[in-house]
**Student:** 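The structure under discussion is supplied below as structure tokens; questions concerning it will follow.
Since the model is a prediction, treat every value here as computed from it, not as a measurement.
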Amino acid sequence: MKQDNVVLVKSYAFAVRIVRLCQYLTGKPGRLAPLVNQVLRSGTSVGANLEEAMGGQSRRDFIGKCAIAYKEARETSYWLRLL
């Protein structure tokens, strides 16, 4: 990962925090498993899509991948609000 790309660095740090949150929540009693799975999937997808965008084959491909990352971030926000 390039250390000079603040977006990639922050999206990676966010994914790490999401993973740790999900590990913590997995040990809690209750029926949160479906929500935890959704948070994990969408939260880690943000950085993955940004990484893909960096390797985009065209400007249009780059913008499309960034748009997907944005949508995943919004979805993650939704799931976090439900927790």
**Student:** By side-chain contact (heavy atoms from CB on, under 4.5 Å), which residues pair with R20, not counting sequence neighbours?
**Tutor:** V16, Q23
**Student:** Would you please name every residue forming a side-chain hydrogen bond (donor to acceptor under 3.5 Å, both in side chains) with E72, sequence neighbours left out?
**Tutor:** none
**Student:** Just to verify, what does R59 make a side-chain contact (heavy atoms from CB on, under 4.5 Å) with, not counting sequence neighbours?
**Tutor:** I63
**Student:** Would a single hydrophobic cluster contain both V19 and L32, if residues Ile, Leu, Val, Met, Phe, Trp and Tyr are joined by side-chain heavy-atom contacts under 4.5 Å?
**Tutor:** yes
**Student:** Under the side-chain contact (heavy atoms from CB on, under 4.5 Å) rule, collect the residues that match up with F14, sequence neighbours excluded.
**Tutor:** I18, T76
**Student:** Roughly how far, to the nearest 0.5 Å, is the CG atom of L40 from the CG atom of L35?
**Tutor:** 12.5 Å
**Student:** Would you compute the distance between atom SG of C66 and atom CE of M54 and round it to the nearest 0.5 angstrom?
**Tutor:** 8.5 Å
**Student:** So which heavy atom on P34 is nearest to which on R31, and how close?
**Tutor:** CD-O, 3.7 Å
**Student:** Quick check on the hydrophobic clustering: are V36 and Y78 connected, directly or via other members, by side-chain heavy-atom contacts under 4.5 Å?
**Tutor:** yes
**Student:** Got a sec, which residues hit side-chain hydrogen bond (donor to acceptor under 3.5 Å, both in side chains) with T26, two or more places apart in sequence or on another chain?
**Tutor:** none
**Student:** With clusters defined by side-chain heavy atoms of hydrophobic residues (ILVMFWY) lying less than 4.5 Å apart, directly or transitively, does V46 cluster with L82?
**Tutor:** no
**Student:** So, S45 versus R41: side-chain donor-acceptor pair below 3.5 Å or not?
**Tutor:** no
**Student:** Between atom CG of L80 and atom CD of Q38, what is the distance when rounded to the nearest 0.5 Å?
**Tutor:** 11.5 Å
**Student:** Of all residues at least two apart in sequence or in a different chain, which pass the side-chain contact (heavy atoms from CB on, under 4.5 Å) check with D61?
**Tutor:** Q57, S58, K65
**Student:** On a heavy-atom basis, which atom in G47 and which in S11 lie closest, and how many Å separate them?
**Tutor:** CA-OG, 3.6 Å
**Student:** If you measure from CG on L50 to CG on N5, what distance do you get to the nearest 0.5 Å?
**Tutor:** 8.5 Å
